Amino acid sequence: MPELPEVEVVRLGLEKGVAGRTIAKVDVHHDRAVRRHTAGARDFADLLRGRTVLAARRRGKYLWLPLDSGDALTGHLGMSGQLLVVPASKPIEAHLRIRFAFTDEGRELRFVDQRTFGGLQVVAAGAELPSTIAHIARDPLDPEFDDEQFVRRLRAKTSGVKRALLDQTLVSGIGNIYADEALWRAELHGGRPTELVTKPKARELLSHARDVLTESLAQGGTSFDALYVSTEGVSGLFERSLHAYGREGEPCDRCGTPIRREAWMNRSSYSCPRCQPRPRYPR
DNA sequence: ACCCACCCCTGGGCGC
DNA sequence: TGCGCCCAGGGGTGGG
């Protein structure tokens with residue numbers, strides 16, 4: 001569930017807490033956390049030992065740390081991943097997967113992940129953009145995001161508009177929460193066929209998505225429980241600003257109609273039945 | 001080329 | 001009390 005704002009909060013914490021420091025030791029406690037590093041946990045640790053972290057970067061929900069070797073320590077938090085910067089003396093977390101110590105013997109970096117959908121890998125020559133995430137589109141907060149290309153590609157799809165918002169090769173960083181919030185603001189039902197969304201409406205939807213991501217980031221992101229936190233273990237406050245997501249039965253902030261929950265692709269969608277009527281032929 | 005169903009995983013909550 | 005089921009859900013993969 002960490003989406004763009006939550007991942008950006010983590011990136012800022014990594015920049016502050018880890019950039020400029022040199023890795024002394026890497027302990028992989030759970031192999032699944034490095035499953036994308038096909039050469040294995042040993043190789044993962046070998047490539048990192050002695051390397052200095054140059055910066056912390058992000059595209060959509062992916063993070064990477066460019067290293068002085070030219071490689072990049074790349075990761076995705078999945079649904080429950082945390083990157084914590086904590087004193088080495090702090091007791092080990094129940095779901096600690098990888099532990100990084102630094103040569104300055106200061107606070108260490110820990111990758112903690114209950115559901116193990118997340119993971120880290122070292123990508124060769126990945127400093128500028130790791131090859132493993134090159135297929136991911138820019139996100140709406142990226143200055144080089146091309147709005148008109150998004151509008152064109154959205155309308156060229158034969159799918160539903162919510163599916164399109166969640167397609168990370170079209171626009172990245174948006175997950176279930178912010179998709180529902182952007183659709184509520186745009187007064188669009190997620191099942192609306194993409195080819196029937198007019199150009200102005202597509203632009204408006206993108207603009208709402210950008211706004212909701214920006215507003216959430218300013219609040220430190222959304223934290224439904226202790227799983228979604230910064231590198232300092234702090235939860236965000238945007239949950240209180242949500243209009244649709246998780247509000248089944250509560251009155252719509254625009255018209256007062258109770259928010260509905262619909263089963264959708266093995267998960268849930270929240271919307272206002274009046275402001276966001278179901279299309280005749282939903283996708 | 002594109003779309004979509006399926007699968008990976010754990011723990012909290014709830015019904016029986 | 002305890003068991004089993006459902007739910008949270010991002011993204012890679014493979015089938016259509």
Side-chain angles (χ1 to χ4, degrees), chain A residues 1-8 10 28-38 58-64 74-83 93-98 111-121 123 130-139 150 152-183 190-197 209 213 221-229 235-236 239 242 244-249 261-270 281-283:
Chain A
M1 193 162 346
E3 305 179 30
L4 188 153
E6 296 77 33
V7 178
E8 175 63 10
V10 171
V28 177
H29 291 242
H30 196 307
D31 282 343
R32 191 171 149 77
V34 292
R35 66 193 181 283
R36 303 268 171 229
H37 192 91
T38 48
R58 182 188 58 73
R59 174 175 285 202
K61 304 170 194 171
Y62 281 89
L63 290 164
W64 72 97
T74 307
H76 194 290
L77 301 176
M79 292 187 33
S80 56
Q82 305 173 336
L83 283 164
E93 293 79 3
H95 304 290
L96 176 66
R97 306 303 185 196
I98 310 175
F111 179 61
V112 177
D113 188 12
Q114 180 199 101
R115 294 174 204 166
T116 72
F117 278 36
L120 304 182
Q121 63 181 156
V123 180
S131 56
T132 49
I133 61 174
H135 63 292
I136 299 295
R138 291 182 189 275
D139 59 67
F150 167 82
R152 255 194 326 276
R153 291 188 57 204
L154 177 92
R155 287 160 42 84
K157 279 178 161 293
T158 54
S159 186
V161 66
K162 179 165 176 178
R163 278 188 147 90
L165 280 181
L166 295 179
D167 179 351
Q168 304 295 303
T169 67
L170 179 65
V171 53
S172 69
I174 300 172
N176 205 31
I177 297 175
Y178 299 113
D180 279 2
E181 292 303 302
L183 290 165
R192 177 80 61 94
T194 45
E195 66 269 37
L196 300 183
V197 177
L213 294 171
T222 303
S223 308
F224 283 105
D225 55 42
L227 289 183
Y228 316 114
V229 296
S235 294
E239 184 185 356
L242 297 176
Y245 188 85
R247 297 195 62 231
E248 183 181 18
R261 177 162 78 106
E262 294 172 288
W264 183 81
M265 285 181 68
N266 281 332
R267 59 191 79 169
S268 296
S269 283
Y270 298 87
Y281 303 106
R283 289 246 181 75

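Note that the structure is predicted; figures quoted are calculated from it, not measured. The chains referred to below are lettered A, B, ... by the order of the sequence lines, with proteins before strands, and numbering in each begins at 1.
- The salt bridge (Lys or Arg N to Asp or Glu O under 4.0 Å) search around A:Lys162 returns A:Asp180, not counting sequence neighbours.
- What separates NE2 of A:His135 from C1' of B:dC2 is a distance of 15 Å, to the nearest Å.
- Scanning for side-chain contact (heavy atoms from CB on, under 4.5 Å) contacts around A:Arg59 gives A:Trp64, A:Leu129, A:Ile136, A:Arg138, A:Ser172, with sequence neighbours left out.
- When the salt bridge (Lys or Arg N to Asp or Glu O under 4.0 Å) test is applied to A:Arg247, the partners found at least two apart in sequence or on another chain are A:Glu250, A:Asp253.
- Residues that satisfy the side-chain contact (heavy atoms from CB on, under 4.5 Å) test with A:Ala164, not counting sequence neighbours, are A:Leu154, A:Lys157, A:Leu170, A:Thr194.
- In DNA chain B, runs of at least 3 consecutive Watson-Crick or G-U pairs, each pair with both distances below 3.5 Å, span B:2-16 with C:2-16.
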Can you give me the N/O atom pairs linking the protein to nucleotides 13-16 of chain C at distances under 3.5 Å, or say none if there are none?
none

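- Rounded to whole Å, atom P of C:dG12 lies 7 Å from atom NE2 of A:His76.
- Shown here are the side chain to side chain donor-acceptor pair (under 3.5 Å) partners of A:His76, two or more places apart in sequence or in another chain: there are none.
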Report summary line: Letter by letter from the 5' end, nucleotides 3-12 of chain B scores (B base, S sugar-phosphate only, - none; protein heavy atoms under 4.0 Å) SSS--BBBS-
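- Following rounding to the nearest Å, A:Arg261 (CZ) and C:dA8 (C1') show an atom-to-atom distance of 11 Å.
- Taking the side-chain contact (heavy atoms from CB on, under 4.5 Å) definition, one finds that A:Glu195 meets it with A:Pro193, A:Arg283, sequence neighbours left out.
- In this structure, A:Leu154 atom CG and B:dC2 atom P are separated by 14 Å, rounded to whole Å.
- Looking at residues two or more places apart in sequence or on another chain, you find a salt bridge (Lys or Arg N to Asp or Glu O under 4.0 Å) between A:Arg261 and A:Glu248.
- Atom-to-atom distance recorded for A:Ile98:CD1 and A:Leu120:CG is 4.0 Å, nearest 0.5 angstrom.
- For A:Asp139, the salt bridge (Lys or Arg N to Asp or Glu O under 4.0 Å) partners at least two apart in sequence or on another chain are A:Arg58.
- Using a 4.0 Å cut-off, no side-chain N or O of A:Tyr178 falls inside it from OP1 or OP2 of C:dG10.
- Between A:Leu170 atom CG and C:dG11 atom C1' there is a gap of 15 Å when expressed in whole angstrom units.
- No side-chain donor-acceptor contact under 3.5 Å links A:Glu3 to the backbone of A:Lys61.
- Scanning for side chain to side chain donor-acceptor pair (under 3.5 Å) contacts around A:Gln121 gives A:Thr132, with sequence neighbours left out.
- Using a 4.0 Å heavy-atom criterion, one finds that A:Arg153 contacts no nucleic acid atom at all.
- One atom, CD of A:Glu6, and another, C1' of C:dA8, lie 14 Å apart when rounded to the nearest Å.
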